[in-house]
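Worth saying up front: this structure is predicted, and the values here are computed from it rather than measured. Heavy atoms only: backbone and side chains are in, while hydrogens, waters and symmetry mates are out.
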Amino acid sequence: MKQKKYREKSSSFLIESRKLVGEAISSKADIDFIILKEGCDFESSLPSLYFEESLFNKFSNLTSPDGVAALVRKKPPKAISSPRVLLLDKINDPGNMGTIIRSAEAFGFFDIILSPDTVDIYNTKSLRASMGSVFRENILAMTYEEIRELKATYTILASDMAGLDVNKYNIGKDNLILAIGNEANGLSDEVRSMTDTFIKIPMRGEIESLNAAIAASIMMNRLGL
């Protein structure tokens, strides 16, 4: 499960740590079974497999695993329905991805769209950074054509340094999609062409830009319901 192709083939992914497994259980994730290192206790009514320490450490992605893991089935995505939607356009850092997913839940963006060429949300770093939010958010991959079709019912805002001050944007009652671009290259041409309004975060000093996860979090806080 360390490689994306195996996660896609099985429609499952591995999670590790007592905390993340606990989050999956409390979020009612579809867990196949718990994996425990021999001698490690974990209260659960789910089926459990016990592995010798050497074998457990072999499949673990962590430097110092705590002996608790689980195999989880991917959640089937649902149709977009929230009044606030996040569009992640070719985000490629797994840590940023997980942090953004966590912030999306906090600020009421319960639907998340992933454009083509976006990092796998089931990457170990993404999962850990999401702190369990990945189990509760509705996350789906869409083509640019499919995203464009949402313009019939959504206004698309996109983060861009040349845009309107986000604090001056008149939110009104529109259903909104907020697009966040790639860390190095910004928004794709496809997303730029379908954007209704570009917005930015006003900044002082010599700072030219913010980390994608920080920028996304600030904008979602401003635009959330």
What I want to find out is whether [X] reaches [Y] closely enough, with some N-O distance under 4.0 Å, to be called a salt bridge.
X	Y	result
D160	R192	yes
R73	D32	yes
R148	E190	no

Using atom types as modelled and distance alone, determine if a side-chain donor or acceptor of [X] lies under 3.5 Å from a backbone N or O of [Y].
X	Y	answer
E137	I112	no
E53	K37	no
D111	S81	yes
D174	L176	no
N182	K90	yes
R136	S27	no

Evaluate the side chain to side chain donor-acceptor pair (under 3.5 Å) criterion for residues S133 and S130: first the C-alpha distance (whole Å), next the side-chain angles of each, then the deciding distance (0.1 Å), finally the verdict. CA-CA 5 Å; S133 292; S130 82; 5.7 Å; no

Any chance CG of N167 has more than 12 other-residue heavy atoms, nucleotides or ligands included, within less than 6.0 Å? yes

Around atom NZ of K125, are there more than 12 heavy atoms of other residues, nucleotides or ligands at under 6.0 Å? no

Residue pair E16, S60: steps toward the side chain to side chain donor-acceptor pair (under 3.5 Å) verdict: CA-CA 8 Å; E16 294 186 68; S60 175; 2.5 Å; yes

Are [Y] and [X] connected into the same hydrophobic cluster when the rule is that any two of I, L, V, M, F, W, Y join if their side-chain heavy atoms are below 4.5 Å apart?
X	Y	result
L127	M131	no
L49	L62	no
I199	M203	yes

Pair D89-S188, side chain to side chain donor-acceptor pair (under 3.5 Å): steps then yes or no: CA-CA 7 Å; D89 187 25; S188 64; 2.8 Å; yes

Any idea how F135 and F13 line up, ring-wise: parallel (<30°), tilted (30 to 60°), or perpendicular (>60°)? parallel

May I have the step-by-step check of side chain to side chain donor-acceptor pair (under 3.5 Å) for D66 and S17, ending in yes or no? CA-CA 6 Å; D66 64 9; S17 83; 4.9 Å; no

Other than V191, what residues sit in its cluster of Ile, Leu, Val, Met, Phe, Trp and Tyr side chains whose heavy atoms are under 4.5 Å apart, directly or through others? I80, V85, L87, I113, L140, M142, Y144, I147, L150, Y154, I156, I177, L187, M194, F198

